[in-house]
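Let me begin by presenting the structure, written as structure tokens, before commenting on it.
This one's a predicted model, so the numbers in the text were calculated from it and none came from an experiment. Remember, it's 1-based here, ligands and their atoms both numbered in the order they're listed.
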Amino acid sequence: MPSPVPNPDDSPAFPKIKISSRGAKRIKDGHVWVYRSDVSAADGVAPGSVARVVDERGKFLGTAFYSSASQIAIRLLSKEAIKDLNGLLRERIRFAIAYRQRFVTDTDAYRVVFSEADFLPGLIVDRYNDLLSFQVLTQATDAEPVRETVLAELTELLHPAAIAEKVEPKIRELEQLPARNSGLVQGDKGSTIFSMNGVRFHYDIKEGQKTGAFLDQRENYAAAATYAKGEALDVFCYHGGFALHLAQAGCKVTGLDSSRPALEVADRNATLNNREIEWIEGNAFDVLRDYAKGGQRYDAIVLDPPAFAKSKRDLDTALRGYKELNLRALKMLPPQGILVTCSCSYHVSPAEFLAVVAEAARDAHREVRILESRTQAKDHPILANVPETGYLKCLIMYVSN
Ligand code: SAH
């Protein structure tokens, strides 16, 4: 049985946090984060507490998770007073699963809980067939009673064969949480096979501890496969998500990545699906430069690089990186070619990303049309009032001449 979670309203001693009028406005405007600079008083509030948030005049604004370390001091859980935190967490998990049952199709792998976007700030849960992998990102979700409630509810509703925790040491350090190891916390099954859009993939807890799969691209894989034909190049292919979907659609595919371990899994995935795919290990910038110079041609090219802009400071460098990649790819695409170009940097807006691709097209003397302007799959919901929940851009372009 999970131990009871402290209840904010039962205890008059339950901590109260006072926030500035700017912080209060953010909450009233529908955002769920309040930054440390907008906290006016949090005396004696323990790290990771559930707290009552009030404005300068003492008016109640909502119940929130508090972090004593993060710049995001307050993550709102509810605009209401919470009577039963345990019950609320369970209800939110049920709600998250019901949303996926309604909107997620053709896959047994998807994000079950996406933090703020599922009103469970600081918690991420992914499902890979019969395995679950979760991540806690904050002091509050790391608290033992919260973990217990979350794992009990996930077990009851999804009956996983095993549950693994994925730990990002850097996040724990930033939240001033003690170090912890990644690994199984329940059950003993360490690997499985999952499928999406009829394509099968190996999943291994040990590899997944690093990255997992890029579930956010699931719908973009299927979309890309409806347009691509002929010879295709999947740049930054990782475990072959795009490559395998393009092969399923009949393309002759080459996948390129700088990571040998990633390519080894990609190759096992190709075998699993009875596909012949050529894998090239190399630095995308060098390989694309050489290919473009050498007059190499592809009918379809996918660009899905890692996040170049990890913070606002990196924006200019990131935009230069995107420009260069897209420029080289466009030089290799013949008329009627297809470019699938992605950016997962939150700090690069959809408008900035499109502008960079447009600039690359101009420089490459190509005319391109936007077939589709896409984003992350629906199991990674985007909250209209919390722009930070939306980060993935995926443009599918047609080279008209
Ligand atoms: N398209 C993939 C996800 C790509 S993640 C999918 O849908 O699953 C980014 C990938 O880029 C990682 O696999 C990483 O190994 C690779 N990578 C990072 N820098 C690179 C570089 N300079 N050249 C080639 N690959 C690189």
Assess the side chains of [X] and [Y]: does a donor N or O sit below 3.5 Å from an acceptor N or O?
| X | Y | answer |
| --- | --- | --- |
| H31 | E388 | yes |
| S343 | Y322 | yes |
| S67 | E175 | yes |
| D38 | S20 | yes |

Could you tell me whether K229 atom NZ has more than 12 heavy atoms of other residues or ligands within 6.0 Å of it? no
Take a 6.0 Å sphere around CG of D286 and say whether it holds more than 12 heavy atoms from other residues, nucleotides or ligands. yes
Does the gap between the ring centers of Y203 and Y128 come in under 6.0 Å?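 Yes, the ring centres sit under 6.0 Å apart.
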State yes or no: are the ring centers of Y99 and F103 separated by less than 6.0 Å?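 Judged by ring-centre distance (under 6.0 Å), Y99 and F103 do meet the cut-off.
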If we set the cut-off at 4.0 Å for heavy atoms, which region of C342 has an atom near ligand 1: side chain, backbone, both, or neither?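 Near ligand 1, C342 shows nothing, with every heavy atom at 4.0 Å or more.
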Per-atom contacts, ligand 1 versus [X] - under 4.0 Å to a heavy atom:
| X | value |
| --- | --- |
| S259 | 15 (O) |
| G282 | 23 (N), 24 (C) |
| Y238 | 2 (C), 3 (C), 4 (C), 8 (O), 13 (O) |

Suppose we measure from [atom] to each protein heavy atom; which comes out shortest, and what is that distance?
| atom | answer |
| --- | --- |
| atom 10 (C) of ligand 1 | D257 OD2, 3.5 Å |
| atom 1 (N) of ligand 1 | D304 OD2, 2.7 Å |
| atom 25 (N) of ligand 1 | S258 N, 3.1 Å |
| atom 22 (N) of ligand 1 | N283 OD1, 3.3 Å |
| atom 23 (N) of ligand 1 | A284 N, 2.8 Å |
| atom 6 (C) of ligand 1 | Y221 OH, 3.3 Å |
| atom 18 (C) of ligand 1 | P306 CG, 3.6 Å |
| atom 4 (C) of ligand 1 | F236 O, 3.2 Å |

